[in-house]
Structures are given as C-alpha cells and as structure tokens.
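Letters A, B, ... are given to chains in the order of the sequence lines, protein chains preceding strands, and every chain is numbered from 1.
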Amino acid sequence: MSKEIEVTLLPSGQKIKAAEGASVSEILGKAAAGKLLIAAKLDGQLVDLNQKLDRDACLEAIDKDCPEAIKILRHSAAHIMAQAVRALFPEARIAIGPAIENGFYYDFDVERPFTQQDLEQIEEGMRKIISQKLAFSRKDMPREEAIGLFSSMGEKYKVELLEEFRDPTVSIYQQGDFIDLCRGPHIPQTGVLRAFKLTGVAGAYWRGDEHNRMLQRIYGTAFFDVESLKKYLTFLEEAQKRDHRRLGKELDLFSFSDEVGAGMVIYHPKGALIRHILENFEKREHLLRGYQIVIGPTLLKTDLWKKSGHFDHYRENMYFTEIDEQSYGVKPMNCLSHMLIYKSKMRSYRDLPLRYFELGTVHRHEKSGVLHGLLRVRQFTQDDAHILCTPDQLNDEIKSIIDFVSEVMGIFGFEFEIEISTRPQDSIGSDEDWQRATSALTHALEEKGYDYFVCEGEGAFYGPKIDIKLKDALDRRWQCATIQCDFTLPERFDLNYIGADGARHRPVMVHRVILGAMERFLGVLIEHYAGAFPVWLAPVQAIIVTVTDAQLDFAGAVCAQLRSRGVRVEVDTRSEKLGYKIREAQMQKVPYMLVIGDKEVQGAGVAPRKRDGTQLGLMTSSEFADLVEKECLESSKGRVGLNIV
RNA sequence: GCCGGCGUAGCUCAGGGGUAGAGCAGCUGAUUCGUAAUCAGCAGGCCGCGGGUUCAAAUCCCAUCGCCGGCUCCA
C-alpha cells in the first residue's frame, strides 16, 4: 500500500492528494484539462513532466503559453538537431546547445564546415526524429560515471565540462539513441516540436575563447505552431527592410568604398545634413547643462600616449605615424587634450566641476571582421565629454549625466538597457580606486531607480563604466551612451586643484558620451524610424511636386519663400505625372509633399500631402512653414525648430 | 583576427570555359497629366584588383581588397 502525499497546485493553491511516486503529468493531467503541458515547476524548480514525486510539494504546470515554455522547446529543439547531426555525421563531437533569445544553437566539432545543403538534410533528419515521437528521458548519475560514459562515446567537450563541475551528481537526457549532458527540463517527447527552422551556420570558438578550436555552430529557431514561426520569419524580413545599410543606400545618406577602405563612412549630402542637425542639437544641449566646448588635435605624440597608459593597454587599436622623426599616435579617444586643458592653469575647488565637451573624431583599428555598416566603423565622432570634479561632486555628476541620457533618449523615443561593467584583467589603478568608482556608479543608478545588469570584468582598462544599450532592427544591442569613471588618468597626469583647506587635491574624472558615436547613433536612428525621420531630423522636409510643367515657375517661387523661412524643401522638376513624383517622394520618406496645380497657383498656395497619405488642403506657403516649425518643435520636445542649420 | 558565404551596368540580380544579359534608375524625344510607376528610343561594363591554368577565363586555381552571417573584441 503506497503512501499518499499532498500536492499544492499553483497558482490556485488547491491541495490534492496523490500516490507517492506519481509523476508530474499524472498529477497535473486531470487539472490541466486539454492544455498542452510542457513541463512543471516543482517548488519553484523547473522539472520534466515524468518527474516522480515522493514528498509533499507545490506544483505549477508549465503549458505552452508560459514564458518558460518556449525556452524549453527551443532547448529540446537543439537536442533534436544534435541527434540529427550525429546521425548524418557520426564523427561530429557535440559541444553545447542552449536556447537563446530568438531560438537556439548547437556547436559541433566536425571535419568540414556545414553547407546549406547539409542544413536541409539536417532539417529532414529532425523531421524524422519528430515524427518518431521519441520520449526525452532523464537520468541522474554520479559525475564520475558520466565522465566514463561520455569518454566512452569520445565526447571530449562533454568530458571537459564535467571535469569542471562541482556537483557530485549530474543529469543526462536521452531521446532515441542520442544522449546528452543536460540540466533539463525538456519537452516530454520529440513530437511536441511542430515548427522549426535552421537559420544559419557560423564558426564559433569553443567556450567563446579565440585561443580555442573553432567549432561549427548551427543556429535555428522553434515555435509551438507554424503560424508563430511564419510570423517570426516575416518579422525578420521586415527588419531587413529597415536595415540601415540598405536604407542608407536607398535614401542616399552615406556610402562606403573599397577604394577608401573598410570602416570609413562617406556622408552624402542628406546623411551629412542629419548629422549636422544632430550635432547642433547636441552642442546646445551641452551648453545648456554647463559644458564647455573644446577642440583637440587628432595627432598627439606617442610619448603622451605612453604617459596616459594607452600605449601599453590600447596600442593594438591605435594607428601611428611619424612626423620629422617623431612618433605620433592618431587619437582613439579624446581625453588627453582635455586633460591638458585642465592642466593649463592652476585650478581651485571653486572652478569644479569642469565639463569639457568635444565632438571629437577618433580612429580605432577595429578587427576587420567586426565592421558593420555605421554601427561599427574605424573612424567615428563621439559626443564626448570629460568631467573633472571633486570626489564629493562625483555622485551628483553621474546622476545628472543619467538624467541627460534619459532626456535625450526620450526625445528620440528610445528604450534602453543599462549595464555596469567592472574591472577587467588588463587594467590600471588600485583595487581601492576601482571599488570607489564602481560603487559611485551603482549608487547613482540605484538612487535614480534604474534596473541594471552587472558585467563582471567588462570595464575599460582605466575604470568601471555604465553602458546604455539600444536595440537595432534585428534585435542586436548596441552600446551608445556610456559613463566611465576614471581615477587613474588624473593620477598619471598629476591633475590637482586647491581645496578650501589650501592644500592640493586630486580631481576625479568621468568620461561620458550621450549619443555615443554619431555614426552608430545615426545607424540605430535610421532603423528606429525605418528611414522615416521626424520632421525636425528629416534632411528634406518637403518636396514640391507640380501637376504639370506649367506650374514650375510658381513652384520655384514657393520653394524660395519656404527656404527663406528655413524649411528644407526641394522641387521635383521632372516632366512626369503627379503620381510618379508622389511615389518617388513617398519612397524617399519625405514628410511632406506639396502639390501645386492650377488650383494652387490660382489660390496662391500649396496643397500639402503628408507621408501617411493625409491631405491638408490649400494653405499659403507661410502657413505651411508655420506648420512645419510647430511640428519640428513638437517632435523634438521643444528643442529644435526651423533654424537649426 | 577566426570560420563560412559572396563581389557582373548607378541599384537589384541572371549567366558557371567559346561575341556580356534583364528590370529599375539615367539620357533624348513624345505626352502636360490632380495624390504610390505614361510611352518610345538611346546610352551604359577591364564581370572588385593582381597573378596562374587553358587555343580560349566573368566562369577553373592562387593571392589580395571589400561586403554579408556569426565568433572574439567594442562606441
């Protein structure tokens, strides 16, 4: 006669009796009425449906609509893929295969890289496995036994992982003839996987270390139903349409040239104009907040880079040249001249904080493989500032930078994630300084009530930092704003100020950018707006389209009037039909099209048509200029009207 | 930098050892038209750059530059 246990069902709180040794699915089966169960939470821990219960516990069903379910499905899909790969490539060694943000991957050590045809075959193999409805079964075993098991299979990567595990017991999962080291849980059987697609293959270093062997990684995604998969694939297509590299070409904003070199942006008139607007906007915002605009040189003697520590810690990313037998370094950061400005005279505590702002163009030798449109380039301009303050002022300074970032991002409508990065291996300064700087950053964020992630060991070589990440159209995150504490440069340059006590003190330094790099920000901005810039940023705010050539003279006069008001307007003078010219303006995402036919000439006005197709009816050009100005101010939250350029 | 893929007209792409192709854009002409593509004609190319194999290379091989997807690294 078996004992009874009491199970509390969550979230209802209902208590039911069950036989000791009953499985999760047996217990939940009755309560789950028709829902597709994926797994369960046993006292808060995710477990498989066939897990047996031997004590009183709380149990919560995980059906396919729970947020955890999709991760479990994708993780199981990775196992199924690995099984298919092993069937096709018996010599393949398996590494790791987790669920990731939009899917899953699995890394394999294989003789030759996978091809597109291989992927199709693997998909076919997966479909076969799915149709067999193989159960995922879990087995716990002592770590030593697992090492023996995987050694006998030749799975050296699994053995390497196991050898570093501390737990005496590990779990393995098996479906069909495929065995994998895994914490689980998994879907009950392979047939649960209904919709999946292998999306790509790429090289990836074992354990993410470039000194290790490069494995072959297959990416895929999976969903509970085919419609969701289709929706996701459509999303990817849509995202590709707003890729800034594509829009940059279509909207004639910028280009790259292999004759010029990789990672060097060539701004075309419209792209340059947007950047110009952004930069003017930035200068005003900085002056408003007590920053002083400064300008430093591009080439600085290598000796100075040695003094700052850049030569020892950042040389790999720098370009050097020689002038009159003197070695110079092209600046990868703007801080040095700002330090020299500070040092140019005696400073009092009454002068602090000093905030030096520079739209500084820097060059960094990024590895060729990381270059990516505007988002990762070798020459870029930062909206950079260095704040020198007393240690007491540090917290307030950081808080006001965070406010600055949040106000600016609000204007563009960006949401962001915040990360704090702590001391890396290759770094300078004392532990005590790092500790002080790191806690200054965390305190400021906590006082402002922001959530943040901590990235251990990801800081700059000279100090810890707060990074603000924006997402691109393809869901990749890009660092834009960053706030970096630096206790070491003031030391190396022997910066000081005279305190109220008459003695010399060391100021604290903060490096910070708001938009980050103008290039990257513009790239993310293009994708954010899908190329349809708000009027205050649009390089062409209105385009005049005439019904026939007969109205061209009047169109020219209107254009001149609007330009004198600061409206960025052009005339399409081609002898094309109205519809043709409208279509073109539409595809160029111009905010306003000003239609001029005989009626408008008669009425001495224009008929604006908005980008979304709405027509505003006849108005004078002056009324239209007022309208554009009002919209600029509204969309820029009062910052920018018509007179930005 | 590493693994894989790819460079053909301004753009998007076809052609895969035997005379270089299409659509769009451009130019010229006709059309003068009311809110997302008027018609016709013309022009446009060291097939990324450099080597090699071959009677013959856009096509095959090597090297190089650049681009794309990842990895590593970063604003």
Side-chain angles (χ1 to χ4, degrees), chain A residues 105 107 110 112-116 118 199-219 243 245-246 249-250 252 255-263 314 316-317 332-333 362 364-378 380-384 421 424 458 460 465 467-470 474 476 478-482 484 511-521 523-524 545-552 574-588 593-600 607-611 613-615:
Chain A
Y105 68 80
D107 286 346
V110 275
R112 66 162 175 88
F114 296 111
T115 64
Q116 194 55 46
D118 293 335
T199 50
V201 56
Y205 300 108
W206 165 236
R207 311 196 109 180
D209 186 331
E210 62 181 322
H211 305 293
N212 287 342
R213 182 172 165 76
M214 182 159 273
L215 309 176
Q216 293 300 314
R217 172 173 299 177
I218 302 178
Y219 284 94
D243 187 312
R245 292 164 298 187
R246 176 185 179 136
K249 207 177 280 176
E250 288 173 2
D252 198 14
S255 64
F256 292 91
S257 157
D258 51 4
E259 290 177 292
V260 170
Y314 206 72
E316 299 302 304
N317 290 291
M333 299 182 193
V362 297
R364 296 185 187 173
H365 181 205
E366 302 293 347
K367 290 178 179 174
S368 61
V370 307
L371 301 173
H372 184 98
L374 291 181
L375 301 182
R376 194 78 183 271
V377 292
R378 285 185 173 148
F380 56 99
T381 299
Q382 297 178 298
D383 60 336
D384 204 1
S421 299
E458 305 270 305
K465 57 179 185 170
D467 287 331
I468 282 92
K469 308 246 172 179
L470 305 182
L474 294 169
R476 294 176 286 214
W478 295 92
Q479 180 171 325
C480 289
T482 173
Q484 314 187 340
H511 311 243
R512 47 102 288 182
V513 290
I514 304 296
L515 304 185
M518 304 310 289
E519 284 73 8
R520 176 175 293 181
F521 191 76
V524 180
V545 287
T546 56
V547 176
T548 74
D549 292 352
Q551 298 91 25
L552 277 178
R574 294 173 302 178
S575 314
E576 294 289 350
K577 284 164 68 172
L578 181 62
Y580 181 90
K581 290 186 277 196
I582 296 265
R583 175 183 149 85
E584 188 114 319
Q586 195 76 43
M587 291 197 308
Q588 286 294 307
M593 290 149 235
L594 301 180
V595 176
I596 297 182
D598 284 338
K599 273 187 281 177
E600 286 72 26
R609 174 198 204 271
K610 288 173 76 161
R611 194 154 48 182
T614 43
Q615 289 172 46

List the protein contact pattern of nucleotides 23-32 of chain B with one symbol per nucleotide (5' to 3'): B for base contact, S for sugar-phosphate-only contact, - for none; contact means a heavy-atom distance under 4.0 Å. --SS----BB

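- In this structure, A/Gln586 does not reach the B/rA36 phosphate: none of its side-chain N or O atoms is under 4.0 Å from OP1 or OP2.
- Atom CZ of A/Arg574 sits about 12.0 Å away from atom CG of A/Leu552, to the nearest 0.5 Å.
- Comparing the same atom, P, in B/rG7 and in B/rC62 gives a spacing of 16 Å after rounding to whole Å.
- Between the side chain of A/Arg378 and the base of B/rC74 there is no donor-acceptor pair of N/O atoms closer than 3.5 Å.
- Residue A/Val362 is classed as having no contact, given no heavy-atom separation below 4.0 Å to the nucleic acid.
- Not a single donor-acceptor pair, N or O on each side, falls under 3.5 Å between the base of B/rG1 and the side chain of A/Glu366.
- Between A/Gln216 and B/rC71 there is no side-chain N or O to OP1 or OP2 distance below 4.0 Å.
- Taking the P atom of each, B/rG18 and B/rU59 are spaced 11 Å apart, rounded to whole Å.
- With RNA chain B read from its 5' end, the first of the two nearest nucleotides for A/Cys480 and A/Asp209 is the one closest to A/Asp209.
- Of all nucleotides present, none satisfies the Watson-Crick or G-U wobble test against B/rG45 with each distance under 3.5 Å.
- The partner of B/rC71 is B/rG1, judged by Watson-Crick or G-U wobble contacts that both fall below 3.5 Å.
- The side chain of A/Lys465 contributes an N or O atom lying less than 4.0 Å from OP1 or OP2 of B/rA75.
- Nucleotide B/rC67 holds its P atom 12 Å from the CG atom of A/Leu374, rounded to whole Å.
- Nucleic acid contact for A/Glu458: none, since no nucleic acid atom lies under 4.0 Å from a heavy atom of the residue.
- Spacing of C1' atoms, B/rG21 relative to B/rA9, comes out at 10 Å, to the nearest Å.
- With hydrogens and angles ignored, no donor-acceptor pair closer than 3.5 Å exists between the side chain of A/Tyr205 and the base of B/rG70.
- A close approach under 4.0 Å does not occur between any side-chain nitrogen or oxygen of A/His211 and OP1 or OP2 of B/rC2.
- Atom CD1 of residue A/Ile514 and atom OG1 of residue A/Thr482 lie 10.0 Å apart, to the nearest 0.5 angstrom.
- By the stacking rule of 5.5 Å between ring centres and under 30° between planes, A/Phe256 does not stack on the base of B/rG66.
- Across all strands shown, nothing is found opposite B/rA14 as a Watson-Crick or G-U wobble partner with both distances under 3.5 Å.
- Nucleic acid contact class of A/Gly516 (heavy atoms, under 4.0 Å, all strands): none.
- Between the CZ atom of A/Arg376 and the C1' atom of B/rG1 there is a distance of 12 Å, given to the nearest Å.
- At a cut-off of 3.5 angstrom, the base of B/rC3 holds no donor-acceptor pair with the side chain of A/Arg213.
- The phosphate of B/rU12 has OP1 or OP2 within less than 4.0 Å of a side-chain N or O from A/Lys249.
- Rounded to whole angstrom, the span from the NE2 atom of A/His365 across to the P atom of B/rA75 amounts to 16 Å.
- Under the 3.5 Å distance criterion, with hydrogens and angles disregarded, a donor-acceptor pair is assigned to the side chains of A/Asp598 and A/Gln551.
- Rounded to whole angstrom, the span from the CE atom of A/Met214 across to the C1' atom of B/rG70 amounts to 8 Å.
- Under the Watson-Crick or G-U wobble criterion, with both distances below 3.5 Å, B/rG66 is paired with B/rC6.
- For the C1' atom pair drawn from B/rG66 and B/rC47, the interatomic distance equals 16 Å after rounding to whole Å.
- Between the P atoms of B/rU19 and B/rU64, the separation comes to 32 Å (whole Å).
- Remark: A/Arg609 is in phosphate contact with B/rA36, judged by side-chain N or O atoms under 4.0 Å from OP1 or OP2.
- Remark: P of B/rG69 and CZ of A/Arg246 are 13 Å apart, rounded to the nearest angstrom.
- Going from atom NZ of A/Lys577 over to atom C1' of B/rU35 covers 12 Å, rounded to whole Å.
- In this structure, A/Gln615 reaches the bases: a heavy-atom distance under 4.0 Å links it to at least one base atom across the strands shown.
- Taking atom NE2 of residue A/His372 and atom P of nucleotide B/rC73, one finds them 18 Å apart after rounding to whole Å.
- By the 4.5 Å heavy-atom criterion applied to side chains, A/Lys465 and A/Glu458 are not counted as neighbours.
- Here, B/rG10 and B/rG5 have their C1' atoms 25 Å apart, quoted to the whole Å.
- Separating the CZ atom of A/Arg583 from the P atom of B/rA36 is a distance of 10 Å, rounded to the nearest angstrom.
- In terms of phosphate contacts, A/Arg364 brings no side-chain nitrogen or oxygen within less than 4.0 Å of OP1 or OP2 of B/rC74.
- When the P atom is used for both B/rC49 and B/rC60, the distance is 16 Å, rounded to whole Å.
- Between A/Asp118 and A/Arg112, some side-chain heavy-atom pair lies under the 4.5 Å cut-off.
- For B/rA30, the paired base is B/rU38 (Watson-Crick or G-U wobble, both distances below 3.5 Å).
- Taking atom P on both B/rA58 and B/rU8, the two are 15 Å apart, rounded to the nearest angstrom.
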